[in-house]
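Throughout, a chain's letter reflects where its sequence line sits, starting with A, and its residues are numbered from 1. Computed over heavy atoms, backbone and side chain alike; hydrogens, waters and symmetry mates excluded.
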There are 2 protein chains.
Amino acid sequence: MSEISYIPTHSRRSSMKFLSAKLISLAIPVAIGLNVYFVIPKPTEVSKQAWRLLAIFLTTIAGLMLQPVPLGAWSIVCLTVSLVTKIQSFKDAFEGFTNQAIWLMVISFFFSRGFVKTGLGDRMGMYLVRWLGKSTLGLAYGLAIGEALISIVMPSATARAGGVFLPIILSLATASESSPEHRSARKIGAFLIQSQLQSSSSSNALFLTGDPQNMLCMKLAESLRVKVKSLWVTWLKASCIPAISSLMLTPFIIYMIFPPEIKRNPDAPIMAKQKLEQMGHIKRNEWIMMVTMLVVVTLWIFGEWLHISSINAAMVGLSVLLMLDVLSWDDCLSEKSAWDILAWFAVLLGMANQLSALGIVQWLSKCVASFLKSLSVGWHVELLILQCFYFFIHYMFAGQTTHIGALYSAFLSMHLKAKVPGSLSALLLAYNADLFGALTHYSSGQAAIYYGAGYVKLEHFFMLGILMSLINLTIWGLIGALWWKVLGLY
Amino acid sequence: MSEISYIPTHSRRSSMKFLSAKLISLAIPVAIGLNVYFVIPKPTEVSKQAWRLLAIFLTTIAGLMLQPVPLGAWSIVCLTVSLVTKIQSFKDAFEGFTNQAIWLMVISFFFSRGFVKTGLGDRMGMYLVRWLGKSTLGLAYGLAIGEALISIVMPSATARAGGVFLPIILSLATASESSPEHRSARKIGAFLIQSQLQSSSSSNALFLTGDPQNMLCMKLAESLRVKVKSLWVTWLKASCIPAISSLMLTPFIIYMIFPPEIKRNPDAPIMAKQKLEQMGHIKRNEWIMMVTMLVVVTLWIFGEWLHISSINAAMVGLSVLLMLDVLSWDDCLSEKSAWDILAWFAVLLGMANQLSALGIVQWLSKCVASFLKSLSVGWHVELLILQCFYFFIHYMFAGQTTHIGALYSAFLSMHLKAKVPGSLSALLLAYNADLFGALTHYSSGQAAIYYGAGYVKLEHFFMLGILMSLINLTIWGLIGALWWKVLGLY
């Protein structure tokens with residue numbers, strides 16, 4: 001079974017091939033941009049500036065996929081082009097750096113370092129291995145189910161990824177001598193990362209409180225007078241069957257198409273036990289790390305009641321760790337992944353926001369609406385087309401909230417116009433937004449965090465993203481459709 | 001002579017002493033903040049929010065001086081307090097991250113790394129040593145005069161510091177085995193950094209085009225109907241004698257009070273010649289670095305005509321270096337000083353801007369005005385008081401432009417109300433702003449850059465800042481006053 005794998009574990013290229021590949025990977029994004037800019041006629045409804053920004057945005061995205069140079073470098077180059085050509089103003093272009101979600105990711109990386117530095121991550125990982133460590137697949141299931149359970153009380157997918165699961169996965173990987181950006185990445189690290197990310201789509205969708213954006217969708221629906229009765233329960237009723245089916249299948253599917261090199265390790269639980277004994281009692285810094293993270297997680301859980309936002313809770317935790325010298329400022333500065341994510345995600349977010357502000361996205365959805373009108377089919381087909389379009393247009397968004405903010409209301413009205421039942425439309429669009437979070441590395445906070453760990457190559461990220469999206473859409477589309485009929489949602 | 005030094009080269013403390021010093025350095029800022037917040041009665045003109053922000057700001061500044069924890073960590077802790085207590089909103093607090101000047105600094109650090117990595121900085125340094133290297137003081141004079149000359153055409157003190165002089169100084173220091181944050185920092189590096197920073201105050205003030213802020217001041221003056229005739233020449237006429245006197249004295253004074261350990265090195269020019277021969281011809285990456293920096297500097301010089309801002313010029317240069325792989329993205333991510341400056345300067349700038357927006361600064365200047373009224377003295381005395389106040393209130397500002405934006409116009413009107421001649425007032429306030437740029441490490445872009453290099457300890461930075469400020473104010477006050485009388489400015 002391990003021989004069959006869509007994505008080869010290692011690939012070797014001669015340096016000539018490598019250079020020409022680099023040049024092609026540079027030529028394609030540039031060609032796309034130039035084509036949109038100069039060749040494709042601009043639609044009359046779209047302003048010149050918006051069209052040009054679209055050209056640069058597509059170039060950026062294509063470059064993020066093909067990587068002629070590393071992510072951050074490419075973002076800066078594209079940003080520079082947009083600034084020099086005066087398509088974006090400096091203020092607009094750098095707006096992303098004032099985004100809370102991005103700073104939450106940055107701080108999550110600092111927390112991860114704290115977990116690693118104090119040894120707490122190691123300890124938690126070893127407990128998990130002692131319990132489930134005989135098979136890698138077992139570990140993956142343990143982690144996925146763990147996240148689904150914790151999502152009942154900890155309503156931020158980004159915080160869960162950066163603050164809890166990435167540190168544990170890093171420890172597990174390190175224990176198996178699997179390090180990022182090495183040939184050893186595929187030993188276990190890359191698999192666990194992808195399994196966790198792809199599973200998180202379903203765990204986010206399982207509970208209304210699984211992610212703040214779920215509530216945001218429901219509020220937007222309310223403003224269009226679509227009110228779902230006894231919301232929390234209805235949400236769970238509708239989501240449970242497809243979400244749990246998807247959750248149960250995801251680690252196994254990833255295991256098949258993106259297998260870890262280490263699959264069974266019968267001695268692992270014994271070794272973990274020995275290592276835990278060697279570690280001895282919990283040390284001062286581990287205690288501080290644990291208590292701090294408990295406080296932060298508690299604030300993440302009860303934040304809404306206490307009027308403390310996720311980012312503020314995270315900053316309190318970081319401040320405590322810095323003041324007690326559990327984490328030094330130099331540790332933070334050395335955490336390159338944090339600064340990397342800050343740079344490229346903020347640049348991308350700035351562009352995506354501008355694209356929305358300039359009306360490109362709205363113009364695209366208008367095109368879809370008039371296309372649907374011309375088809376004159378039943379609402380089932382219209383629903384399918386709209387949902388698929390809503391899903392795949394996420395390639396043009398950095399993060400989920402921006403997408404929801406820009407398009408949720410517009411798409412809900414299109415659903416209503418097509419006579420799709422209101423509650424069903426509102427819920428499906430919200431579930432959809434949870435599922436597209438694992439499409440690319442810039443699709444959501446958690447995706448960016450897992451990508452930032454460096455275990456999964458970008459091309460694998462994109463391929464698994466689209467593959468798992470198709471699988472998830474099929475599961476939700478088939479099992480869901482049946483289940484919602486049973487529930488009487490349509 | 002070398003034994004007499006205000007600031008000891010090395011200091012040793014026992015670890016107990018160290019811990020108690022840490023606690024005191026933490027207690028003082030906290031006590032200041034709590035006092036302002038709870039004890040000192042809030043003036044009625046000032047809003048509650050503004051007063052509370054002042055308390056946190058003073059705590060931040062005191063902490064930046066005493067350093068209970070590193071700069072960046074302290075900024076984050078204070079920022080967290082301001083966010084959790086809801087004194088600042090997240091958006092306002094993070095506004096600094098969209099500031100062009102800060103990003104110019106960040107990119108300057110990347111350029112510095114490029115100079116070092118390609119070996120171009122080394123080469124430039126060796127040429128300078130071959131010419132002037134026999135004495136460290138000679139080197140310092142060479143650098144100071146070099147900056148004064150280059151400031152005629154390159155109108156950005158931040159860019160000059162980060163793009164030209166810091167890289168050269170780093171190479172010179174490295175050649176003498178003087179590295180930051182080691183005992184070897186005082187060999188030559190710390191001295192050259194301080195000499196260059198303090199000299200730059202005068203070179204910025206020498207020409208109207210020495211820094212963009214000079215022009216900003218004059219524009220603000222015009223809006224108050226104070227028009228200086230044949231501006232460029234009048235500026236230079238008034239500035240030349242005090243600026244040149246100050247420029248000639250500064251390296252020597254720094255040499256006396258903050259001496260380098262290596263003072264004479266008769267063999268240095270010969271060694272430099274040998275090293276240049278070893279280096280051989282200029283290599284590919286050095287060429288690219290040189291040509292790129294020439295383009296960037298040209299854009300910095302002619303930017304205004306071409307409508308290209310300094311930051312855009314810098315980003316073009318960075319993009320070229322990244323695309324041609326002279327600088328890798330990993331180099332940028334590893335450049336901790338850049339991310340350090342980004343974090344703490346942006347936090348400080350955000351607070352300072354808010355302080356201004358909430359009217360605290362304006363309230364302080366009103367207090368001064370009414371104090372002056374109560375004194376009923378001649379305009380000479382009022383001028384002196386106003387200028388000193390304008391200078392030292394800079395402790396409350398991050399960067400020069402913010403200060404000018406908040407206070408220049410208000411202070412110019414106070415001058416006019418006190419019947420100080422218009423042109424004199426406008427010019428003096430502008431010169432003043434150039435001089436206070438070296439007061440602290442957060443006083444200006446160039447100060448932050450030189451501090452970021454890590455050669456000069458923070459306490460030394462503050463002590464030299466205030467000392468040299470007093471000396472500069474004396475030179476400008478005495479020699480200047482005479483000279484301006486001769487010119488007939490009053």
Side-chain angles (χ1 to χ4, degrees), chain A residues 26 68-81 83-84 86 90-100 102-103 106-107 110 307-309 311-325 327-330 332-340 342-344 346 350, chain B residues 26 68-81 83-84 86 90-100 102-103 106-107 110 307-309 311-325 327-330 332-340 342-344 346 350:
Chain A
L26 176 64
V69 291
L71 233 59
W74 185 250
S75 308
I76 288 196
V77 171
C78 293
L79 175 66
T80 304
V81 173
L83 287 174
V84 171
K86 300 210 163 41
F90 188 87
K91 208 82 186 172
D92 290 336
F94 279 74
E95 199 57 40
F97 286 92
T98 65
N99 183 284
Q100 300 196 6
I102 288 182
W103 287 99
V106 170
I107 296 174
F110 298 158
H307 300 286
I308 292 177
S309 63
I311 179 72
N312 282 0
M315 288 192 68
V316 168
L318 178 61
S319 296
V320 171
L321 295 179
L322 285 170
M323 287 307 292
L324 296 179
D325 209 24
L327 206 59
S328 73
W329 179 238
D330 195 66
C332 296
L333 290 177
S334 312
E335 187 58 45
K336 290 188 218 169
S337 334
W339 305 107
D340 194 15
L342 177 69
W344 70 259
Chain B
L26 177 63
V69 290
L71 233 59
W74 185 250
S75 307
I76 288 195
V77 171
C78 293
L79 175 65
T80 304
V81 173
L83 287 174
V84 171
K86 301 211 162 43
F90 188 88
K91 209 84 188 172
D92 289 337
F94 279 74
E95 200 55 42
F97 286 92
T98 65
N99 183 284
Q100 301 197 4
I102 289 182
W103 286 100
V106 169
I107 295 175
F110 298 158
H307 300 286
I308 293 178
S309 63
I311 179 72
N312 282 1
M315 287 192 67
V316 168
L318 179 61
S319 295
V320 170
L321 295 179
L322 285 171
M323 286 306 293
L324 296 180
D325 209 26
L327 206 60
S328 74
W329 180 238
D330 195 66
C332 296
L333 290 177
S334 312
E335 187 58 45
K336 290 189 218 170
S337 332
W339 305 106
D340 194 15
L342 176 69
W344 70 259

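- Smallest separation of non-hydrogen atoms from Lys86(B) and His307(A): NZ-O, 2.9 Å.
- Between chain B and the options Val81(A), Thr98(A), Asn99(A), heavy-atom pairs under 4.5 Å are most frequent for Thr98(A).
- Put simply, of Val69(A), Leu79(A), Thr80(A), Leu322(A), the one with the most heavy-atom pairs under 4.5 Å next to chain B is Thr80(A).
- Proximity to chain B (any heavy atom under 4.5 Å) is shown, for Leu71(A), by neither the backbone nor the side chain.
- Using a 4.5 Å cut-off between heavy atoms, Leu327(A) does not touch chain B at all.
- Between Ile311(A) and Phe90(B), the shortest heavy-atom distance links the atoms CG1-CE1, 3.5 Å.
- Residue Lys336(B) holds its NZ atom at 9.5 Å from NZ of Lys336(A), rounded to the nearest 0.5 Å.
- For Ser337(A), no part sits under 4.5 Å from any heavy atom of chain B, backbone or side chain.
- Contact detail for Met315(A) and Leu83(B): the closest heavy-atom pair is SD-CD1, 3.5 Å.
- In this pair, Trp103(A) and Phe97(B) present their aromatic rings tilted. The plane angle is within the 30 to 60° band.
- Nearest heavy-atom pair, Ser319(B) versus Val77(A), reported as atom, atom and distance to 0.1 Å: OG-CA, 3.5 Å.
- Heavy atoms of Asp325(A) lying under 4.5 Å from chain B are absent altogether.
- Ranked by heavy-atom pairs under 4.5 Å with chain B, the first of Gly350(A), Ala313(A), Gly72(A), Pro70(A) is Gly72(A).
- Scanning for side chain to side chain donor-acceptor pair (under 3.5 Å) contacts around Asp340(B) gives Trp329(A), with sequence neighbours left out.
- Proximity to chain A (any heavy atom under 4.5 Å) is shown, for Ala338(B), by neither the backbone nor the side chain.
- Proximity to chain B (any heavy atom under 4.5 Å) is shown, for Ala346(A), by neither the backbone nor the side chain.
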